[in-house]
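Below is one structure, written out as structure tokens; comments come after it.
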There are 2 protein chains.
Amino acid sequence: MKKILIADDNADLRESIAEVLTEAGFYTETATNGKEAAAKSAETDFDIVLLDMLMPVMKGAEALTEIKKTRPAAKVIVMTAFSTIENAVEIIKKGAADYIVKPFKVEQLLTIVRREIEEAGFEKDILNIDLDRVMNCLSNPIRRNIVKYLHRNKEMRFMELNRELEMDDHTKLVFHLKILREAGISTQDKNKNYMLTREGLRVFQCLTFIENYLSARSD
Amino acid sequence: MKKILIADDNADLRESIAEVLTEAGFYTETATNGKEAAAKSAETDFDIVLLDMLMPVMKGAEALTEIKKTRPAAKVIVMTAFSTIENAVEIIKKGAADYIVKPFKVEQLLTIVRREIEEAGFEKDILNIDLDRVMNCLSNPIRRNIVKYLHRNKEMRFMELNRELEMDDHTKLVFHLKILREAGISTQDKNKNYMLTREGLRVFQCLTFIENYLSARSD
DNA sequence: TTCCGCTGTGAATATTTGTTCACACTTATA
DNA sequence: TATAAGTGTGAACAAATATTCACAGCGGAA
């Protein structure tokens, strides 16, 4: 059962939302301010957090930051009465999954909640990745390079890769390709061309993210 | 010199923006549709891409996706005449750095561009990270766990970590802590508390990104 | 003071990764 | 068909990583 946390200082609204969502088949908890919301979120892994922006003790914006810190995977839907585009942009950049303007109809909220739930499921499923193995693959610069080349060239022959990577001993490349294959990152088609799998593509994207995120480039 | 790509099908607007930005000391190139923008972006590593939403051949939204695929680090500022909150939210979720509504004053645009440049610089500089070492650290599940605990608890004593991780032999933990320290991910204060460095925080963020991005969790 | 838990060192050892080598089968092509 | 380039296997070896063990200083509590 999907778990939803509702944070709003207005008791009426809070309870009525909780009621609706409970009826709709979700497990709900409530919080009356940002601090409480952050604490409950740290404690329980909610799928969705409905967060009012204007609350006492801790504002929603701050709570949002806190929540994302402990639960980066949680989908936070921000509710606000004071709405401008700048505002919305700011909130989404801070990591909110969506933004709903008060007053809203229950139907609207339900639609958004369901969409986010679906998205969360979509993002998580399908892929079959062994994090340990993948990290192992990425820990080796040769393999990181292979992934990059395979992404760039879509598909490559063995010797092509060998030349690009300037490998001295071709069996060394065989070795690394095997590891990538066993980790589900690369495959071969019937013509022996090497290419990334769907998972491999994901891994590549992670890799570029990491490199962008961690590398200091002087400019 | 910071490089900016301006993509808009309106020649007047395009050229006048280019002129202003060039005068302001940026290197500029232009594109007349999304496809061209994506191509130019793939070829050159622009710091900023100004992207109109309504263009022939390839819409801005699609172009945005393409650009982020090859240049996840590029800051894409979306320009649009048709603006609603839903719209803005959607665009930001797709990875745009900012959103500006047409018609806008040149001053506004300059402010936004400068802010994004500054942010990009802030994100890139300073950090001194050895990718190879970091990947090596992350390839070990024990060390990944240490990083997580250190992030969660801000600072921890040795034995505290030891208990949390349920290590059998404490010297094993010493070993891994040493590696993390040498990679610049963790440090100790004068009281021997272990904690993440600034770089370590970054590494933690990468880690959660990776886990979110790659992991399939059954629910 | 004595004892005990916390924090650590260094060396020995075990395990996992990576490299090299000798060899072999396939496919294309001279 | 003979030859060479492309692709691959398995075992031996080398190097890097991880684990274990024996031991020791230090600070606080009994």
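Per chain, numbering begins at 1; letters A, B, ... match sequence-line order.
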Within this structure, what is the CG-to-P distance between Leu161(A) and dG8(D), rounded to whole angstrom?
11 Å
May I ask you to verify if any side-chain N or O of Arg157(B) is less than 4.0 angstrom from the OP1 or OP2 atom of dC6(C)?
no
Does Gln188(A) make a side-chain N or O approach to OP1 or OP2 of dG8(D) shorter than 4.0 Å?
yes
Could you check whether Glu211(A) pairs with Lys148(A) (Lys NZ or Arg NE/NH1/NH2 to Asp/Glu carboxylate O, under 4.0 Å)?
yes
Less than 4.0 angstrom from a charged side-chain N to a carboxylate O is my criterion; do Arg14(A) and Asp52(A) meet it?
no
Using 4.0 Å as the upper bound for N to carboxylate O, is an ion pair formed by Lys93(A) and Glu116(B)?
yes
Strictly below 4.0 Å: does Asn140(B) bring a side-chain N or O up to OP1 or OP2 of dA18(D)?
yes
Provide, to the nearest angstrom, the distance between the CG atom belonging to Leu138(B) and the P atom belonging to dT17(D).
14 Å
Rounded to whole angstroms, how far apart are CG on Leu165(A) and P on dT7(D)?
14 Å
Among the nucleotides dT20(D), dC21(C), dG18(C), which one has an atom lying closest to any side-chain atom of Asp169(A)?
dC21(C)
From the set dT7(C), dG10(C), dA22(C), return the single nucleotide nearest to any side-chain atom of Thr171(A).
dA22(C)
Any idea which of dG8(C), dT7(C), dG18(C) is nearest the Met159(B) side chain?
dT7(C)
Whole Å only: how far is the CG atom of Leu173(A) from the P atom of dT9(D)?
12 Å
Just to confirm, is there a sub-4.0 Å distance from OP1 or OP2 of dT17(D) to any side-chain nitrogen or oxygen of Arg143(B)?
no
Checking all strands, does Asn136(A) fall into the base, sugar-phosphate, or nothing category for heavy-atom contacts under 4.0 angstrom?
sugar-phosphate
Under 3.5 Å, is there a donor on one side chain and an acceptor on the other for Thr22(B) and Thr28(B)?
yes
Interatomic distance where CE belongs to Met167(B) and P belongs to dT7(C) [whole Å]:
15 Å
Parallel, tilted or perpendicular: which fits the ring planes of His170(A) and Phe158(A), with parallel below 30° and perpendicular above 60°?
perpendicular
Base, sugar-phosphate or nothing for Glu160(A)? Non-hydrogen atoms, less than 4.0 Å.
nothing
Measure the distance from CG on Asn191(A) to P on dG8(D) and round it to the nearest whole Å.
12 Å
Using heavy atoms to find the nearest nucleotide of DNA chain C for Arg181(B) and Arg163(B) separately, return the residue whose nucleotide is more 5′.
Arg163(B)
Roughly, in whole Å, what's the span from NZ in Lys178(B) to C1' in dA18(D)?
13 Å
Closest to the side chain of Lys172(B), out of dT7(C), dC21(D), dT19(D), is dT19(D)
Spacing of Phe158(B) atom CZ relative to dG25(D) atom C1', expressed in whole Å:
15 Å
Within less than 4.0 Å of OP1 or OP2 of dG5(C), is there a side-chain N or O belonging to His170(B)?
no
Would you mind classifying the nucleic acid contact of Asn162(B) as base, sugar-phosphate or nothing, using non-hydrogen atoms under 4.0 angstrom?
nothing
State whether Tyr194(A) places a side-chain N or O below 4.0 Å from either non-bridging phosphate oxygen (OP1 or OP2) of dG8(D).
yes
Within the structure, does a side-chain N or O atom of His176(A) lie under 4.0 Å from either OP1 or OP2 of dT17(C)?
no
Any ion pair linking Asp47(A) and Arg71(A) (charged N to carboxylate O, less than 4.0 Å)?
no
